Structures are given as structure tokens and as C-alpha cells.
Student: 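My questions will all concern the structure given below.
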Amino acid sequence: MKTVLARVLGVHTDERAWRIGADGEELVAAQLVKAAKKDPSWRALHAIPVGDRGSDIDHLVVGPGGVFTINAKHHPKAKIWVGGNTFMVNGNRQPYIRNSRHEAGRAAKLLAAACGFPVHVQGLIVTVNAAEVVIKSQPDGVSVTWRNNLAKWLLRHGEIHTPEALDAIYEAARRSTTWRS
């Protein structure tokens, strides 16, 4: 009841913030299904717990065009502006780029250790339900796109992995032991 009343009154609660985030992750997952339908060599894992401090990866995507950690950022009706290493939501700077870069680097190290060969992982931030998304320039080592562009964004990447490498990376990513460090 408290959550319903908070929603009606427009009050922000931790539970409401979590629900908005979870809704965004579900919408991004639907786009990943769309990409996999067009090219089944693209595979995704969702809500991967990393380490023992409550961190997780919203989505990890493994496909012929690369390996990506995806952060879904659900900001309904917000104005988002990206310029280099700056990510703004309604005029407020957010640490999303730095966090995405760190998450991708950590995933690369853990996957490489599990696979026995180097694995490049790129961070990808996907905006969800923003009123406006302006990308002046992409950040270094991280990309930003919007939810409805995600499948097309993934599918336009050329093939950089062999099917054997993809299978090895995906199998390593599926093991919980890969993500415990």
C-alpha cells in the first residue's frame, strides 16, 4: 500500500527506484531477444552476480561482434545528454560511464581467467524511455545507445570472434564460479 501511495503522490522510495530500474532491464532484455531472433549467434545472460558485495551485471551479451556488459538506465521522460566522458540526466552529471568502464574491465579479467585467453569486453549503456537522448560524442571505451536501437546496434558489428571463441566465452560466462572473484 505504501508503494502505491508513493507512486500516486510522486514520492521517491527505494522500492520504487528498484522497480523502475527492473522495468528498464526487462525492456532491454526484450531487445536482446529481438537481436537473437535475427542472429542466433548473439547470446545474453541477465542479472549476473559479481563478487560478494552485491554487485551485478544487468546483461552480458556475447556475439560475433563482441562481448558487452550492458547497463540499462531507465529514466522515464528525462533529458539525457552524453558528450565524451560526461553523462547528464536532466542536467545532473551521473557516474554511469566510469561505472560501465569499470564493470567491463572487471568482466574482461574474469572471463579471460576462466577462458585461458584474452577477452575484450566493452561497456554499453542503454537508455530506456527517456524523452530525449542527445549523444554529442561517444565516451572512450564505452558506448551509449537507446533501447529501441539496441538490436540494430549489436547486429551492425562485424564478426570479430570465431564460433569456437564465442562458445568458450559464453560457457565461461554461464558458470557462477567465473564471477566470484
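All values reported here derive from a predicted model rather than from experimental measurement.
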Student: Applying ring-ring contact (aromatic ring centres under 6.0 Å, His included), which residue pairs with at least one partner in residues 129-155 are found, sequence neighbours left out?
Tutor: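 Qualifying pairs: F68-W153, W153-H157.
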Student: Flag yes if L111 and V62 sit in one hydrophobic cluster, no otherwise; membership is Ile, Leu, Val, Met, Phe, Trp, Tyr, and two members link when side-chain heavy atoms are under 4.5 Å apart.
Tutor: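 Result: yes, single cluster for both.
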Student: What distance do H59 atom NE2 and I48 atom CD1 have between them, rounded to the nearest 0.5 Å?
Tutor: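 That separation rounds to 10.0 Å.
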Student: Should V89 and W81 be regarded as members of a common hydrophobic cluster, given that ILVMFWY residues are connected when their side-chain heavy atoms come within less than 4.5 Å of each other, either directly or indirectly?
Tutor: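 In one cluster with V89: W81, no.
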Student: Which heavy atom of F117 sits nearest to which heavy atom of A165, and what is that distance?
Tutor: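 The pair with the smallest heavy-atom distance is CZ-O, 4.2 Å.
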Student: Are the side chain of S137 and the backbone N or O of G84 linked by a donor-acceptor pair below 3.5 Å?
Tutor: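 Yes; at least one donor-acceptor contact below 3.5 Å.
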Student: Enter the distance from K79:NZ to M88:CE here, rounded to the nearest 0.5 Å.
Tutor: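 Nearest 0.5 Å value for the NZ-CE distance: 13.0 Å.
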Student: In terms of hydrophobic clustering (I, L, V, M, F, W, Y; side-chain heavy atoms under 4.5 Å; direct or indirect links), are V142 and I57 co-clustered?
Tutor: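 No, V142 and I57 fall in different hydrophobic clusters.
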Student: What I'd like to find out is whether the side chain of R101 reaches to under 4.5 Å of the side chain of P139, using heavy atoms alone.
Tutor: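 Answer yes - side chains close enough.
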Student: Within a radius of less than 6.0 Å around CD of E171, do more than 12 heavy atoms belonging to other residues, nucleotides or ligands occur?
Tutor: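 Yes, because the 6.0 Å sphere around CD of E171 holds more than 12 heavy atoms from other groups.
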Student: Can you see which heavy atom on A173 is nearest to which on W179, and at what distance?
Tutor: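 Shortest heavy-atom contact: O-NE1, 2.8 Å.
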Student: Given side chains that start at C-beta, do those of S100 and L124 come closer than 4.5 Å, heavy atoms only?
Tutor: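 Not touching, per the 4.5 Å side-chain cut-off.
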Student: Does one hydrophobic cluster hold both Y170 and I70, with members joined at side-chain heavy-atom distances below 4.5 Å?
Tutor: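 Not linked; separate clusters.
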Student: Can you measure from CG (N92) to CD (Q94) and round to the nearest 0.5 angstrom?
Tutor: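 Here the rounded value is 6.5 Å.
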Student: Run the numbers on V50 and L110 for side-chain contact (heavy atoms from CB on, under 4.5 Å), then give the verdict.
Tutor: CA-CA 10 Å; V50 181; L110 295 172; 4.1 Å; yes
Student: With a 4.0 Å cut-off on N to O distance, would you call K34 and D39 a salt bridge?
Tutor: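 No, this pair does not count.
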Student: On a heavy-atom basis, which atom in G123 and which in A104 lie closest, and how many Å separate them?
Tutor: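 Minimum heavy-atom separation between G123 and A104: N-CB, 3.4 Å.
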Student: Please name the pair of heavy atoms, one in A112 and one in P118, separated by the smallest distance, quoted to 0.1 Å.
Tutor: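 For A112 versus P118, the nearest heavy atoms are CB-CA, 4.1 Å.
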Student: Would you indicate whether the side-chain heavy atoms of R180 and T177 approach each other to under 4.5 Å?
Tutor: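 They are in contact (side-chain heavy atoms under 4.5 Å apart), so the answer is yes.
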Student: Supply the atom-to-atom distance R43 CZ to L60 CG, rounded to the nearest 0.5 angstrom.
Tutor: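 Taking CZ in R43 and CG in L60, the distance rounds to 11.0 Å.
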Student: Could you walk me through whether V134 and E132 pass side-chain contact (heavy atoms from CB on, under 4.5 Å), step by step?
Tutor: CA-CA 7 Å; V134 175; E132 180 181 324; 3.4 Å; yes
Student: Evaluate the side-chain proximity of L150 to V28: yes if any heavy-atom separation is below 4.5 Å, no if none is.
Tutor: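 Sidechains of L150 and V28: in contact.
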Student: Side chains of I125 and S143: closer than 4.5 Å at any heavy-atom pair?
Tutor: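 With C-beta onward as the side chain, the pair stays apart.
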Student: Can you tell me how far apart CD1 (I135) and OG1 (T127) are? Round to the nearest 0.5 Å.
Tutor: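 Here the interatomic distance stands at 7.0 Å.
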Student: At their closest point, which heavy atom of T69 faces which heavy atom of A107, and how far apart are they?
Tutor: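 The answer is CG2-CB, 3.8 Å.
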Student: Compute the ring centroids of H75 and Y96, then answer whether they are less than 6.0 Å apart.
Tutor: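 Yes, the ring centres sit under 6.0 Å apart.
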Student: Report whether W42 and L45 are members of the same hydrophobic cluster (ILVMFWY, side-chain heavy atoms less than 4.5 Å apart, transitive linking).
Tutor: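 Each belongs to a different hydrophobic cluster.
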Student: Are the side chains of H120 and V67 in touch, meaning some heavy atoms are under 4.5 Å apart?
Tutor: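 A side-chain contact under 4.5 Å is absent here.
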Student: I'd like to know if R106 pairs up with E103 as an ion pair, taking the criterion as any Lys NZ or Arg NE/NH1/NH2 lying under 4.0 Å from an Asp or Glu carboxylate oxygen.
Tutor: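 Judged by the 4.0 Å cut-off on N to carboxylate O distance, R106 and E103 do not form a salt bridge.
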Student: Mind checking the CZ-CZ spacing from R93 to F87? Nearest 0.5 Å is all I need.
Tutor: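 Here the interatomic distance stands at 12.0 Å.
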Student: Please examine the side chains of V61 and L32, heavy atoms only from C-beta on, and report whether any two atoms are closer than 4.5 Å.
Tutor: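 Contact flag for L32/V61 side chains = yes.
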Student: Checking H46 against D58: is there a side-chain donor and acceptor pair closer than 3.5 Å?
Tutor: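 The answer is no; no qualifying pair exists.
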Student: I'd like to check V82 versus Q138 (side-chain heavy atoms, cut-off strictly below 4.5 Å). Are they in contact?
Tutor: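 Contact flag for V82/Q138 side chains = no.
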